[in-house]
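All residue numbers in this chain count up from 1 along the given sequence. Everything numeric in this text was worked out from a predicted model, so none of it was measured. Values below: all heavy atoms of this structure, side chains included; hydrogens, waters and symmetry mates excluded.
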Amino acid sequence: MGLLKVKTQLKSYFFGLLFIIFSASQAQTIKLQKTETALKPSQCSGQFEAHTLEHETTVAGGQNVRMFEANGGGLALGDLNNDGLIDIVLANQAGKNTILWNQAGLSFKAESMEIGDTRAVMILDLDADGWQDIVLSRQTSAPNFWKNQGDGNFTLELLPNISKPLYTINWADLDQDGDLDMVGATYDAALLNAFGNEFLNSGNAGVYIYWNERGRFREERLASEAQALALLLSDLNGDNRPDILVGNDFAVPDRVWLKAKAGFKETQLFTQTTHSTMSFDTGDLNNDGKTELFASDMHPFASEEIRFWTPFLNSIQDEVNPEGDPQQRENVLQFLGRKQFQNQADAWGVRGTGWAWSGKFGDLDQDGFLDLYVVNGMIEANIFRYLPKHELVETNLAFRNTGTHFEPKPDWNLDSNLSGRGMSMADLDQDGDLDIVVNNLRGPAMLFENQLCEGSSLIVELNWSDSHNPNAIGAKLSLETSMGTLYREIKTMTGYLSGDTHRIHFGFPKDTVLNTLTIRWPDGSVSEVIKPVANTFLRLAR
């Protein structure tokens, strides 16, 4: 009987192994429906052209910005009416949010939403019905789900069991079961200011996972307090599973949870971090297949007039971090070592970018390396009471990635000084390069049209229509070329409260040969496209 049992177990193991091998080979040969569209010619001026958008983020006090009103709001980019054009949703505080419907040629039709009082904005097909929805976080109430009706209208629907006043939220398939889970975190200082002791006694503070279970959400609390301005869901350790990174304001340390066999395990990944974290983004800066992380904080940049900062810096000089605290009041640029990330912001020239809010990577000049754009500035009646209009006026900063460091690019004409908060990038005019949208505070939102006319590109959009993650959020794409391999990941939100389009942009020099595009889907399956064509918009349907 013992021998029979062993043979049976070996047979079961053998057939189980065959099943795994068969499944893996099946994943390698997933058929894709491919649609290619040639990209349009670009306007060529050698810089970015600035356009004013029909939206302004306002606060209750008008020109008098107080306390947490200074934080402004985010924005999101996505195709809301399935016409192939990327639309824009801009958050507001005192006024109403704005939808800018893309009419082509960088012409937009403005429409006010029913609500404002918004912080984060994301565009994603949350209910998998083929139409991109809008999800918002509010200043003092639960997140909102605005369901796309497919006719230009949106209706407010409940997110079952999500009732906490979450400041920042993000979406990914955390358990890789085919649907999208949500992570949210509170900004306790703002809630304490709004509700006082009522908030202290509410038990609502902290960081939460909302596991998606057939359209209903099961709450899991990861932390009992938070000062969260940034929340990233991305694969930080290269195991092809999304991790959770929460960026906290003030002296509250950032926290990271890595995906483990059972749930998430809090881990110390960083020897240095930002002190007052405003935003996160990840990308492969040197095309070696490893993930780098940029986090923004408050620190003057090299050419800035420090006298405008001096009274503020003097007011905080007595604040001392506990011994062993890794936090510092400056940006960090993290490179993954053997076990932990190491900060190389100083070596790469991005230690200080002003009072920095949204910072994001994108190959703006299409040379095959991810560049960096950071929007900055601060307005607050108490902190900067000594400045005209209580405003620290700073210029946004663009940095070109040389492959070994970032170099400032003021000649790109991205040095707006309108106090940027939310910011995202996408190809808004179908010419293949990345344009930039910025949601400013107490000033008009801006669109920066990319007219650099350098390099070539490939735009890729994935569609997984028979899943509950139709945008394939969490998918990893690698493009093997004659200059090396370029890596991208589909994410819902990066930077500061700002939703990303799910279209992936690859830039590369014009004479680059494209060999193979490989897609690793969120469920681990793999697809390949041989010899993709440069300067095309490539739609791939699974």
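Separating the CD1 atom in Ile30 from the CD atom in Glu528 is a distance of 11.5 Å, to the nearest 0.5 Å.
Defined by atom type and a distance below 3.5 Å, a donor-acceptor pair is present between the side-chain atoms of Arg138 and Asn144. No hydrogens or angles considered: a donor-acceptor pair under 3.5 Å links the side chains of Glu449 and His51. A side-chain donor from one of Trp521 and Ser527 sits under 3.5 Å from a side-chain acceptor of the other. No side-chain donor from either of Arg241 and Gln176 sits under 3.5 Å from a side-chain acceptor of the other. Side-chain contact, Ser279 with Ser358: no donor N or O sits under 3.5 Å from an acceptor N or O. Side-chain N/O atoms of Ser234 and Glu489 include a donor and acceptor closer than 3.5 Å. A side-chain donor-acceptor contact under 3.5 Å links Ser525 and Asp523. There is a side-chain donor-acceptor pair under 3.5 Å between Asp500 and Thr494.
A salt bridge links Arg255 with Glu266: the closest approach of a Lys/Arg side-chain nitrogen to an acidic carboxylate oxygen falls below 4.0 angstrom. A salt bridge links Asp235 with Lys476: at least one charged nitrogen is closer than 4.0 Å to a carboxylate oxygen. Using a 4.0 Å cut-off between a side-chain N of Lys or Arg and a carboxylate O of Asp or Glu, Asp127 and Lys147 qualify as a salt bridge. Note on Asp175 versus Lys259: no salt bridge recorded, every NZ/NE/NH1/NH2 to OD/OE distance being 4.0 Å or above. Salt bridge absent: Arg442 and Glu56 never bring a charged side-chain N and a carboxylate O closer than 4.0 Å.
With respect to Asn97, the side chain to side chain donor-acceptor pair (under 3.5 Å) criterion is satisfied by exactly one of Thr118, Asn92, Asp117, Thr57: Thr118. Of the candidates Thr186, Asn248, Asp188, Asp188 is the only one forming a side-chain contact (heavy atoms from CB on, under 4.5 Å) with Glu225.
Although no hydrogens or angles enter the test, the distance criterion places a donor-acceptor pair under 3.5 Å between the side chain of Asp87 and the main chain of Leu80. Judged by distance alone, with hydrogens and angles left aside, the side-chain atoms of Asp297 form a donor-acceptor pair with the main-chain N or O of Ser276 at under 3.5 Å. Remark: side-chain polar atoms of Asp249 are not paired, donor with acceptor, to backbone N or O of Leu229 under 3.5 angstrom. Between the side chain of Gln93 and the backbone N or O of Glu69 there is at least one donor-acceptor pair closer than 3.5 Å. Of the possible polar contacts, one joining the Arg421 side chain to the Ser419 backbone as a donor-acceptor pair under 3.5 Å is found. When atom types are taken as modelled, the side chain of Ser141 and the backbone of Pro165 share no donor-acceptor pair closer than 3.5 angstrom.
Remark: Arg216 CZ is loosely packed, at most 12 non-hydrogen atoms of other residues, nucleotides or ligands lying under 6.0 Å away. The 12-atom threshold is exceeded at CD1 of Ile530, counting heavy atoms of other residues, nucleotides or ligands nearer than 6.0 Å.
Counting only heavy atoms from C-beta outward, the side chains of Phe280 and Thr282 never approach each other to under 4.5 Å. Residues Leu479 and Thr518 form no side-chain contact, since every pair of their non-hydrogen atoms from C-beta on lies 4.5 Å or further apart.
Of all the heavy atoms in Ser424 and Leu77, the pair that sits closest is CB-CD1, 3.7 Å.
Figure legend: cation-pi geometry between Lys290 and Phe335 absent, as NZ or CZ is not positioned both under 6.0 Å from the six-membered ring centre and within 45° of its axis.
Under the 6.0 Å cut-off for aromatic ring centres, Phe217 and Tyr210 do not qualify, their centroids lying 6.0 Å or more apart.
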Could you please spell out the steps behind the salt bridge (charged side-chain N to carboxylate O under 4.0 Å, His left out) verdict for Asp281 and Lys491?
CA-CA 10 Å; Asp281 198 9; Lys491 293 166 281 191; 3.3 Å; yes
Test log, rule salt bridge (charged side-chain N to carboxylate O under 4.0 Å, His left out), inputs Glu54 and Lys109:
CA-CA 9 Å; Glu54 197 174 336; Lys109 179 182 177 182; over 6 Å; no
